[in-house]
2 protein chains.
Amino acid sequence: MRIRIEDVAAAAGVSMKTVSRVLNNEPNVREEMRERVMQAVTELQYKPNPSARSLAGQRSYSVALAYNNPSRNYMMEVQNGMLEACHASNYNLFLAAVSLGRERVADIQGLFRNFGPDGVLLIPPLTDDKLIIDELEKMGVPFACIAPKNAAGRIGVAMDETTAVLELMAKLVELGHTRIGHIKGAAAHGACRWRFDGYRKGLQNAGIEFDPELVVQGAFSFESGCAGAQELLDLRKPPTAIFAANDDMAAGVIRVARERGLNVPGDLSVCGFDDTPISRHIYPSLTTIRQPTSEMGRLATLELLARIKSPEAGRMLRVDHALVMRESTQAPSRR
Amino acid sequence: MRIRIEDVAAAAGVSMKTVSRVLNNEPNVREEMRERVMQAVTELQYKPNPSARSLAGQRSYSVALAYNNPSRNYMMEVQNGMLEACHASNYNLFLAAVSLGRERVADIQGLFRNFGPDGVLLIPPLTDDKLIIDELEKMGVPFACIAPKNAAGRIGVAMDETTAVLELMAKLVELGHTRIGHIKGAAAHGACRWRFDGYRKGLQNAGIEFDPELVVQGAFSFESGCAGAQELLDLRKPPTAIFAANDDMAAGVIRVARERGLNVPGDLSVCGFDDTPISRHIYPSLTTIRQPTSEMGRLATLELLARIKSPEAGRMLRVDHALVMRESTQAPSRR
DNA sequence: TTGTAGGCGTTATCAT
DNA sequence: ATGATAACGCCTACAA
């Protein structure tokens with residue numbers, strides 16, 4: 001038979017409520033009582049029933065991670081950070097895959113129909129999905145975002161991506177590059193715009209004229225990086241360096257360059273963004289910008305948990321980036 | 001105010017229990033009743049309270065994915081498959097990161113203290129972690145495994161990895177390789193042994209004598225693949241082909257080969273195992289063995305859910321593999 | 001500081 | 001086939 005709080009109370013010779021107080025770290029309990037209770041808990045191996053706690057306490061002690069981000073490495077990093085924060089607070093993290101089509105709102109509704117988390121964690125591009133956001137706000141569910149396009153009134157965490165790219169561009173210019181191509185990310189992500197802005201401002205700072213021909217649309221996927229690279233390298237006057245808006249696309253650029261017999265970085269410098277493991281696993285290894293991805297997951301979760309506890313709490317945090325120079329960049333060769 | 005089952009019952013002019021019966025697809029309800037109830041449910045937008053359901057029903061409608069597998073790509077694939085199966089059954093999938101040290105048992109205990117899943121999904125190397133397994137069995141919690149070393153009495157899903165490697169070896173031999181190196185995986189995984197067995201039997205089938213010098217220990221990580229490659233390529237008579245026990249390690253081999261100025265596959269053929277995205281993203285792309293990873297996650301979950309419903313149900317399933325020939329293998333060059 | 005009573009919203013039991 | 005009532009195990013409010 002399962003041990004209940006009542007049994008613990010009896011064993012310790014106190015009331016149920018006192019046991020409850022001890023277990024939940026509430027004030028107004030004498031040290032002696034606390035010890036007596038804890039001893040009984042240990043002896044009986046008492047484990048509170050989560051469902052009962054949730055039912056009586058009107059909350060589930062769980063948050064949902066809603067995702068449809070296709071980058072596995074990125075996802076797993078963020079998820080690990082979130083999980084760490086949740087477990088540290090004895091919160092449960094459960095998964096909610098959100099589909100891409102119009103039924104995605106139904107996915108969110110199903111989430112609450114079946115499970116009812118106390119809050120939701122959003123990752124791009126869901127952070128800017130109007131239907132999803134509206135639905136959550138309508139239901140009055142707290143949510144936190146990672147790198148939302150529109151941060152106004154939101155809580156979570158973001159990075160100054162534009163500045164990060166600015167620094168990268170300065171490096172490329174310093175190396176001597178003047179013809180620098182850019183493969184954009186998927187437009188639904190804020191990152192697409194921020195990184196593009198960094199690219200443009202970087203050119204501007206260096207006094208290099210912006211050439212629209214050197215910018216192609218990608219989608220954050222390896223394949224789109226390949227396609228973008230083909231386009232850029234087919235130009236009559238191809239770039240000597242390409243900045244792809246993430247590592248996966250940069251890996252695509254390197255692949256295409258090698259297929260074409262180009263030497264990276266000898267003939268073409270390549271850089272990415274994110275510092276995912278692939279940046280170290282490919283050859284040459286990739287110059288990129290490090291996001292503290294896991295830490296961002298952790299911090300966003302802490303903000304969400306804070307807001308769950310009190311509707312006033314929770315802010316939009318900023319984290320730092322770092323430029324990581326590796327093998328894929330060098331001065332352009334004279335041709 | 002929240003709508004309760006009582007309100008639905010009143011609106012439909014039936015008892016609470018009838019509503020419950022309809023909602024849970026129980027028998028013994030007239031079609032007319034069913035329709036009346038469903039209409040009331042829709043009108044009132046009734047959503048059952050998960051905690052109450054769990055408390056009264058003595059189950060949580062959730063399973064935990066316990067993991068400490070370091071391969072992000074693999075994990076994410078498995079996880080996606082599991083999530084699909086869970087959602088299809090209106091089950092919740094929550095995450096449980098398990099640490100590596102001795103406190104890992106405490107992690108599992110904490111899992112049940114705080115959340116109490118109805119079952120647990122295990123991924124290597126946890127599938128063969130005696131402490132974990134013992135703890136779960138002691139608690140009487142159903143669990144399913146992906147690719148456990150010891151499948152006796154277990155439910156879940158596995159693949160015939162030895163046969164898969166045998167086919168791969170036959171291909172290498174057919175290409176003309178006779179000096180084939182192998183980098184083993186971490187010994188805690190069943191995969192380490194199965195793949196090594198395939199390697200040995202492959203040699204045997206081809207009448208090639210086994211040379212222990214050609215086998216080095218790895219750990220399934222990119223870095224261990226690099227180290228293993230260095231070792232093998234430093235041999236006085238280095239191999240003309242290397243079979244690494246997974247894709248990450250094979251990527252390490254390719255990286256090292258290129259650093260040493262070796263041409264892959266011209267000077268060295270390389271193959272991996274798993275068919276993770278990296279096998280397509282590196283250059284040259286990798287010959288490897290495809291596991292239906294996501295499908296395995298899905299199937300293992302279905303078996304677990306079956307067992308949760310009835311203690312008799314649930315089996316150990318087998319799934320098929322496929323050999324994927326890409327750019328990293330060819331006939332050895334005459335030197 | 002500690003204890004008592006009642007309710008959280010569902011499912012299970014046992015009648016009818 | 002349907003319904004009344006009692007669990008389920010904990011927490012909140014209020015009383016002492």
Side-chain angles (χ1 to χ4, degrees), chain A residues 1-38 40-41 44-62 90 92 112-118 308-309, chain B residues 1-38 40-41 44-62 90-92 112-116 118 308-309:
Chain A
M1 203 44 218
R2 190 187 176 102
I3 310 283
R4 292 158 309 167
I5 202 171
E6 189 183 327
D7 306 320
V8 178
V14 299
S15 75
M16 277 168 59
K17 181 60 208 181
T18 299
V19 178
S20 174
R21 272 195 261 265
V22 171
L23 260 39
N24 294 292
N25 287 315
E26 285 173 39
N28 296 337
V29 181
R30 268 189 313 187
E31 194 48 40
E32 182 206 331
M33 284 284 146
R34 186 177 300 278
E35 279 166 19
R36 233 159 74 194
V37 169
M38 286 315 292
V41 165
L44 297 175
Q45 300 220 59
Y46 168 69
K47 293 175 194 12
N49 179 316
S51 311
R53 228 160 58 106
S54 297
L55 179 58
Q58 307 274 52
R59 79 193 111 188
S60 66
Y61 298 95
S62 68
N90 277 351
N92 188 357
F112 285 88
R113 159 179 304 283
N114 292 318
F115 314 122
D118 296 337
I308 287 171
K309 284 208 189 82
Chain B
M1 205 43 219
R2 189 183 179 104
I3 309 285
R4 292 160 307 170
I5 202 171
E6 190 182 328
D7 305 321
V8 178
V14 299
S15 75
M16 279 166 55
K17 181 63 205 178
T18 300
V19 177
S20 176
R21 273 194 262 264
V22 171
L23 260 39
N24 294 293
N25 287 317
E26 285 173 37
N28 296 337
V29 181
R30 268 186 313 184
E31 192 49 40
E32 182 205 330
M33 285 282 144
R34 188 176 298 279
E35 278 165 19
R36 233 161 70 194
V37 168
M38 285 316 291
V41 165
L44 296 176
Q45 300 220 60
Y46 167 70
K47 293 173 193 21
N49 178 316
S51 310
R53 226 159 62 108
S54 297
L55 178 59
Q58 309 273 50
R59 79 196 107 177
S60 67
Y61 299 96
S62 66
N90 277 351
Y91 252 74
N92 189 358
F112 284 86
R113 161 180 301 284
N114 293 316
F115 316 122
D118 296 338
I308 288 171
K309 284 207 189 80

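By convention in this document, chain letters (A, B, ...) are assigned in the order of the sequence lines, proteins followed by strands, and residues within each chain are numbered from 1.
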Short side-chain N/O contact to C:dT10 OP1/OP2 from B:Tyr46, under 4.0 Å: yes
Partner set under salt bridge (Lys or Arg N to Asp or Glu O under 4.0 Å) for A:Arg36, not counting sequence neighbours: A:Glu32
Residue closer to the 5' end of DNA chain D, B:Gly57 versus B:Pro27 (nearest nucleotide): B:Pro27
Distance-minimising heavy-atom pair for B:Val22 and B:Val29: CG2-CG1, 4.0 Å
Those residues of residues 10-21 of chain A lying under 4.0 Å from DNA chain D by at least one heavy atom: A:Met16, A:Lys17, A:Ser20
Phosphate OP1/OP2 of D:dG9: any A:Asn49 side-chain N/O under 4.0 Å: no
Spacing of B:Arg53 atom CZ relative to D:dG9 atom P, expressed in whole Å: 18 Å
Phosphate-side-chain proximity, A:Asn28 and C:dT2, N/O vs OP1/OP2 below 4.0 Å: no
For atom CG of A:Asp7 and atom P of D:dG9, their distance in whole Å: 9 Å
Pair B:Ser15-B:Thr18, side-chain donor/acceptor within less than 3.5 Å: yes
Separation of C:dG7 C1' from B:Arg4 CZ (nearest whole Å): 10 Å
A:Arg30 side chain near C:dT2 phosphate (N/O to OP1/OP2, under 4.0 Å): yes
Check: A:Arg59 main-chain N/O paired with A:Ser54 side-chain donor or acceptor under 3.5 Å: yes
Shortest non-hydrogen contact from B:Glu26 toward B:Arg34: O-NH2, 3.6 Å
Non-hydrogen atoms of A:Ala52 and B:Leu55 that approach each other most closely: CB-CD1, 3.8 Å
A:Arg59 CZ to D:dT12 C1', straight-line distance once rounded to whole Å: 11 Å
Comparing B:Leu55 and B:Glu26 on DNA chain C - which has the more 5′ nearest nucleotide: B:Leu55
Interatomic distance where NZ belongs to A:Lys47 and P belongs to D:dC10 [whole Å]: 12 Å
Whole-Å gap separating P (D:dG3) and CE (B:Met33): 6 Å
Atom-to-atom span, CD1 of A:Ile3 to C1' of D:dC8 - whole angstrom: 16 Å
Position toward the 5' end of DNA chain D (nearest nucleotide), B:Val29 or B:Ala56: B:Val29
Exceeds 12 heavy-atom contacts within 6.0 angstrom, atom CD of B:Glu31: yes
Spacing of A:Gln58 atom CD relative to D:dA13 atom C1', expressed in whole Å: 13 Å
